[in-house]
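Structure, as structure tokens:
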Amino acid sequence: MEAEKKPQETKPEEAKPATQAPEEGKDDLIVNPYEVENKTGKPIDYERIIQQFGVSHITQPLIDKIEQLTKKPAHHFLRRGIFFSHRDLEIILDKYEKGTPFYLYTGRGPSSEALHLGHLLPFIFTKYLQDAFNVPLVIQMTDDEKFFHKAEFELEEYQRLARENAKDIIACGFNPEKTFIFINTQYMGTMYPNVVKFQKMLTFNQVKGIFGVGDSDNCGKIAFPAIQAVPSFSNTFPHIYGKRTDVPCLIPQGIDQDPYFRMTRDIAVRMKYQKPACIHSKFFPSIKGILTKMSASDENSAIFLTDSAKQIEDKIKKYAFSGGGKTKEDHQKFGANLEVDIPYLYLTFFMEDDARLEEIKTKYGKGEMMTSEVKKDLIAILQKIVADHQEKRKAVTDEILDKFLAIRPINP
Ligand code: TRP
């Protein structure tokens, strides 16, 4: 009898498994899709993550190149280092320059109806990319993933949440001509050939190493990573790209999602598909401080998209962690510690006016401006963003949603 051929195991090309401690005996900073834990007592050290994950810095020349290609100023998330690292972004830009457009892929796990501002960041940035490069975008709603990983609801509830969350995503302003949203439990048939091919290349050992799942986890958790992987391949969307497997893909994502795509890039090579490129964001901190987590169970830890103007004002006034001096005298003498100051940090995410932000940075940093003044600016900005979102969200009917979900040709 012929010896059975074992599927070859690939060694992760670019990094250690995400769950492995970055240095011997140091597990005080854990970043992976299912756990983000910072026990260092300090702001998250993104340099350490870049080293550990084996990703690259977004450098000024790359930002210049984006501006040159899009003939637009780069988004402030790029200019301020909020999207801070990447894989193969330069390749995407080179190809685009030579006339080969890419497509964008991102997604959302519909675990709850209560979306907060942090959830919007990747979508705000993806909208900028879609407009600036005028390229197609596919958005994956992972109702299956949440069902496997959470115990709260029946599958039908995750399916409903996928539709509700998709409406919030649409409210970010995506181009209906160029955006395809798909819910995994509905779209699986079309994706399945690629999922099957991918699963055959991926061993249980690799999934264990990358995602920390174990022998007694339900097997949906073990099978799922392939499903998040394959939208990186253009033939997963035959209504857009037919059988083509050569269309470059760029994936905006929170850095915690990188393990999925590190895995995808390994397997892509063996499937003779294009490796997707990635662009990663930092985490959005909790109102209560950079060491606290935002959580849906503590409603004062985050600004929710359903908050009223009054709720936003109260949360920021009462709970936003201040890096200012303990007393007025201290503050005027030593200034504010901007690294931990939530009002200032939130402004770096949401204040578009560079000049005003710079002024606040200088004056507040020196103690010439009080926390209450910074909070006032922030409250006004957040109230406007949330009210605008609520307006736009109200306008997204089931009919509009179904247009985004429709399987239809899209002009690349
Ligand atoms: N797993 C992600 C989440 O839990 C959802 C997701 C699916 C995603 N595909 C993606 C995120 C691609 C970023 C990029 O939210």
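Atoms within each ligand, like the ligands themselves, are counted from 1 in listed order. Numbering starts at 1 and runs along the sequence shown.
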How far is atom 15 (O) of ligand 1 from the closest protein heavy atom, and which atom is that? Gly109 N, 3.0 Å
Could Lys208 and Phe204 be counted as a cation-pi pair, given that NZ or CZ must be under 6.0 Å from the ring centre and within 45° of the axis? yes
What is the nearest protein non-hydrogen atom to atom 11 (C) of ligand 1, stated with its residue, atom name and distance? Gly107 O, 3.5 Å
Is it the side chain (CB and beyond), the backbone, both or neither of Thr142 that lies under 4.0 Å from ligand 1, heavy atoms counted? side chain
Among His149, Arg108, His280, which one puts a heavy atom closest to atom 5 (C) of ligand 1? Arg108
Side-chain (His331) to main-chain (Gly325) donor-acceptor, under 3.5 angstrom: yes
Keeping Gln130 on the side-chain end and Asn175 on the backbone end, is there a donor-acceptor pair under 3.5 Å? yes
Option among Lys167, Arg408, Arg163 that satisfies the salt bridge (Lys or Arg N to Asp or Glu O under 4.0 Å) test with Asp402: Arg163
Quick one: which ligand 1 atoms are inside 4.0 Å of a heavy atom on Ile251? 14 (C)
Keeping Asp217 on the side-chain end and Gly214 on the backbone end, is there a donor-acceptor pair under 3.5 Å? yes
N or O contact, Gln257 vs ligand 1, cut-off under 3.5 Å: yes
N or O pair under 3.5 Å between Glu145 and ligand 1: yes
Evaluate Gln140 for polar contact with ligand 1, using N/O atom pairs at a separation under 3.5 Å. yes
Determine whether the aromatic ring centres of Phe77 and Tyr128 lie less than 6.0 Å apart. no
May I ask you to check whether His75 and Phe83 place their ring centers less than 6.0 Å from one another? no
Does the Lys NZ or Arg CZ of Lys288 fall within the cation-pi geometry relative to Tyr319 - under 6.0 Å from the ring centre and within 45° of the axis? yes
Counting both backbone and side chain atoms, is some N or O of Gln253 under 3.5 Å from an N or O of ligand 1? no
Does at least one non-hydrogen atom of Lys146 fall below 4.0 angstrom from an atom of ligand 1? yes
Taking non-hydrogen atoms only, is Phe261 closer than 4.0 angstrom to ligand 1 via side chain, backbone, both or neither? side chain
